[in-house]
Amino acid sequence: MSELNDPRVLFAAERTLLAWNRTSLALIAFGFLVERAGLLVQAIEPEGTHLAQVTMTFWLGLSFIALGSFASAYSARQYNVLLRTLSPSEFPSGYATRWGIAVNNIVAGLGISLIFVLVFGRLV
């Protein structure tokens, strides 16, 4: 339990959550870019591209997307754990603390959905 009785503790935790949200979004976007780069190289030079290269970029991209999704979900969990340690005096009246958790969980869910779309799109 925090004994500081200062709302700045909450705001610092929220800034950390938002930083992890940006990191998660960047990892997901980079993973999508890596996954699509293999297809781009294959489209530009079909004879010079090895199947292994396209397969590697596919799995590497999916790994970055999965890492971003995990980071988003785990940071929401950590923030939720921290919220439980704060005293009521550290929360400004009427301040909604659950939006950050919701957004991070939505980003994680959308990242996982993107993985499924890319995997099943490749199978079709």
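Just so it is clear, the structure is predicted and the values come from calculations on it, not from any experiment.
Grouped with Ile106 in one hydrophobic cluster are Leu110, the linkage being side-chain heavy-atom contacts under 4.5 Å among Ile, Leu, Val, Met, Phe, Trp and Tyr residues. The hydrophobic side chain of Val41 is isolated, with no ILVMFWY side chain under 4.5 Å apart from it.
How far CG of Leu86 is from OG1 of Thr97: 9.0 Å, rounded to the nearest 0.5 Å. Taken from OG in Ser113 to CG in Leu118, the straight-line distance is 11.0 Å, to the nearest 0.5 Å.
Listed for the Ser72 side chain is no donor-acceptor partner under 3.5 Å among the backbone atoms of Gly68.
Hydrophobic clustering (side-chain heavy atoms under 4.5 Å, transitive across Ile, Leu, Val, Met, Phe, Trp, Tyr) groups Phe116 together with Leu123. Leu18 and Phe11 fall into different hydrophobic clusters, where Ile, Leu, Val, Met, Phe, Trp and Tyr side chains are chained together by heavy-atom contacts under 4.5 Å. Note on Val34: it does not cluster hydrophobically with Leu25, by side-chain heavy-atom contacts below 4.5 Å among ILVMFWY residues. In terms of hydrophobic clustering, with Ile, Leu, Val, Met, Phe, Trp and Tyr side chains grouped at heavy-atom distances under 4.5 Å, Phe32 and Ile28 are assigned to a common cluster.
Under the rule for a side chain to side chain contact (heavy atoms under 4.5 Å, CB included), the partners of Ser75 that lie at least two apart in sequence or sit in another chain are Leu17, Trp20, Asn104. By the salt bridge (charged side-chain N to carboxylate O under 4.0 Å, His left out) test, Arg8 is found to be paired with Asp6, residues two or more places apart in sequence or in another chain being considered. By the side chain to side chain contact (heavy atoms under 4.5 Å, CB included) test, Leu40 is found to be paired with Ile44, residues two or more places apart in sequence or in another chain being considered. Residues satisfying the side chain to side chain contact (heavy atoms under 4.5 Å, CB included) test with Ala13, not counting sequence neighbours, are Tyr79, Leu82. Not counting sequence neighbours, the partners of Arg98 by the side-chain hydrogen bond (donor to acceptor under 3.5 Å, both in side chains) test are Asn80. Listed by chain and residue number, Phe70, Arg77, Gln78 satisfy the side chain to side chain contact (heavy atoms under 4.5 Å, CB included) test with Tyr74 (two or more places apart in sequence, or in another chain). In this structure, Phe91 has no ring-ring contact (aromatic ring centres under 6.0 Å, His included) partners at least two apart in sequence or on a different chain.
The heavy-atom pair separating Gly111 from Ser69 by the smallest distance is CA-OG, 3.2 Å.
Screening residues 33-46 for side chain to side chain donor-acceptor pair (under 3.5 Å) gives no qualifying pairs among residues at least two apart or on separate chains.
For the pair Pro92 and Leu10, the minimum side-chain heavy-atom distance is below 4.5 Å.
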Give the table of side-chain donor-acceptor pairs shorter than 3.5 Å for residues 54-64, with sequence neighbours excluded, one pair per line with atom names and distance.
residue: Thr55; atom: OG1; partner: Leu51; partner atom: O; Å: 2.8
residue: Thr57; atom: OG1; partner: Gln53; partner atom: O; Å: 3.3
residue: Thr57; atom: OG1; partner: Val54; partner atom: O; Å: 2.9
residue: Ser63; atom: OG; partner: Trp59; partner atom: O; Å: 2.8

